[in-house]
2 protein chains.
Amino acid sequence: MTALAFDRHNHDRCIAGALKRAETHCGARRLQFTATRRRVLEILLQEHRAMGAYDILAVLSSEGLGSQPPAAYRALDFLVREGLAHRIEGLNAYAACALPVHGPGHGPEHGQEDASDHGHVPAFLICRGCKAVAETETGLAQGRLGAAAREAGFSVERVVVEAEGLCPGCAGAGA
Amino acid sequence: MTALAFDRHNHDRCIAGALKRAETHCGARRLQFTATRRRVLEILLQEHRAMGAYDILAVLSSEGLGSQPPAAYRALDFLVREGLAHRIEGLNAYAACALPVHGPGHGPEHGQEDASDHGHVPAFLICRGCKAVAETETGLAQGRLGAAAREAGFSVERVVVEAEGLCPGCAGAGA
DNA sequence: CGGATATATGTAATGTTATAACATATCAAC
DNA sequence: GTTGATATGTTATAACATTACATATATCCG
Ligand SMILES: [Zn+2]
Ligand SMILES: [Zn+2]
Ligand SMILES: [Zn+2]
Ligand SMILES: [Zn+2]
């Protein structure tokens, strides 16, 4: 599992791939990948960073795609629901999904999903220097959290794993 | 590691112990465990649940301990800084620390602490039914997150692990 | 096609969470 | 008791998010 955001990579291709996957995902489920939803995903994909809903709204507003908070929140809710973006709880912000695998299979779109069934929990490395967000995955069942949950008879439906720290670049720059 | 919040236990003793530890902790560091700070910790200890800053403020206000948001936020900031309480990111809320070990040694009071040095990352099981919050611990280094961070050259300073789901009681009640 | 149903968007208002800035008070050390 | 650090009071505002209801657009089916 490589943390894409901190590596040099062909980001244009990265963006194009994510958009293509989103189209495919929506097409397969008869979901409307509307102009606003698509544009919000594009905005999030622009950089590997989390953006606040109001930052996104500002862009939408400047482009005539909506001027009130619900325009942004509705699109974000859709993207998060479909696994095409993630909410970063520690920042009250949103980031595009950077892992091909999440889109068509690991969002909450399955309804009453139990996260302990499989180990695919998205996890984030958040740089406090440059605000970059790298996405990776973490196991749940194998770790101590899963053990504690089983022991307590607690059924896990959703897991948030976020690590804040410094990326290689910012650590080198002496933060 | 038992998830205290979901077990029957002597909660009065649980509260008294936490307060005692807080006193000791503050005494040892010449920190002022003021009336407001103590009261906020007591409020959080009342139940094993997370409370919003404004819920706490309402209590403080009714008791003449402050009526404006900073009264609550300052006390909460202190408690979190000292490891006596935790912020639950997924709820924008706060819960008293339920683990003796966290108080005097695992908060951010060490300054530039690197969470990967030791494996003591607090983790929370949050019931969406009754809103109870059980605290446990999870390893960082042994899991895939630690591996991904090392591979990326990312230095982890803080980790948020929160699992949302249903506690045994609420699952039984057919939620 | 045309009407019915579901989905998406527009718009206004409001609710919730959190911080900035500056004055005053209290504490702790010398 | 003066001094410097810490804590609190107070006002205002910033940042994040939702409710409610009206309107528009898409999708389905006969
Ligand atoms: Zn990229
Ligand atoms: Zn960085
Ligand atoms: Zn207890
Ligand atoms: Zn419960």
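Just so we're on the same page: letters track the sequence lines, and every chain starts at 1.
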J.: Atom CZ of B/Arg39 to atom C1' of D/dT8: distance rounded to whole Å?
T.: 18 Å
J.: Measure from CZ on A/Phe78 to P on C/dT9 and round the result to the nearest Å.
T.: 9 Å
J.: Both A/Thr36 and B/Leu91 contact DNA chain C. Taking the nearest nucleotide for each, which residue is further toward the 5' end?
T.: A/Thr36
J.: With rounding to the nearest 0.5 angstrom, report the CG to CG distance, B/Leu57 to B/Leu65.
T.: 10.5 Å
J.: How many Å lie between CG on B/Leu60 and C1' on D/dT10, as a whole number?
T.: 16 Å
J.: Report yes if a side-chain nitrogen or oxygen of A/Thr34 is closer than 4.0 Å to either non-bridging phosphate oxygen (OP1 or OP2) of C/dT9; otherwise report no.
T.: yes
J.: Which ILVMFWY residues can you reach from A/Leu4 by hopping between side chains whose heavy atoms are under 4.5 Å apart?
T.: none
J.: So, B/His11 side chain and B/Leu45 main chain: donor-acceptor pair closer than 3.5 Å or not?
T.: yes
J.: DNA chain D: B/Leu31 or B/Gln68, which has the more 5' nearest nucleotide?
T.: B/Leu31
J.: Okay, side chain of B/Glu162, backbone of A/Val160: is any donor-acceptor separation there less than 3.5 Å?
T.: no
J.: Please, which pairs that meet side-chain hydrogen bond (donor to acceptor under 3.5 Å, both in side chains) have at least one residue in residues 37-47 of chain B, sequence neighbours excluded?
T.: B/Glu23-B/Arg38, B/Arg38-B/Glu42, B/Arg39-B/Glu42, B/Arg39-B/Glu63, B/Glu47-B/Arg49
J.: Base contacts versus sugar-phosphate-only contacts with protein, heavy atoms under 4.0 Å: please encode nucleotides 24-30 of chain C as B, S and - from 5' to 3'.
T.: ---S---
J.: Protein-nucleotides 17-21 of chain D N/O pairs closer than 3.5 Å?
T.:
residue, atom, partner, partner atom, Å
D/dA17, OP1, A/Arg87, NH1, 2.5
D/dA17, OP1, A/Arg87, NH2, 2.6
D/dA17, OP2, A/Tyr73, OH, 3.2
D/dA17, O5', A/Tyr73, OH, 3.4
D/dA17, N7, A/Tyr54, OH, 2.6
D/dA17, N6, A/Tyr54, OH, 3.2
D/dA20, N6, A/Arg74, NH2, 3.3

J.: Listed by chain and number, what are the side-chain contact (heavy atoms from CB on, under 4.5 Å) partners of A/Asn10, not counting sequence neighbours?
T.: A/Asp12, A/Arg13
J.: Among all residues two or more places apart in sequence or in another chain, which pass the side-chain hydrogen bond (donor to acceptor under 3.5 Å, both in side chains) test with A/Gln68?
T.: none
J.: Indicate if B/Leu19 and B/Leu76 have the same hydrophobic cluster label, given that clusters are the connected sets of ILVMFWY residues with side-chain heavy-atom separations under 4.5 angstrom.
T.: yes
J.: Which whole-number value in Å describes the distance from B/Met51 CE to C/dA18 P?
T.: 14 Å
J.: Rounded to the nearest Å, what distance is computed from the CD1 atom of residue A/Ile88 to the C1' atom of nucleotide D/dC16?
T.: 16 Å
J.: Can you measure A/Glu89 atom CD to C/dT17 atom P for me and round it to whole angstrom units?
T.: 13 Å
J.: Mind telling me whether B/Tyr73 and B/Tyr94 have parallel, tilted or perpendicular rings, with 30° and 60° as the class edges?
T.: perpendicular
J.: Can you check the B/Arg81 CZ to D/dA7 P distance for me, whole Å?
T.: 7 Å
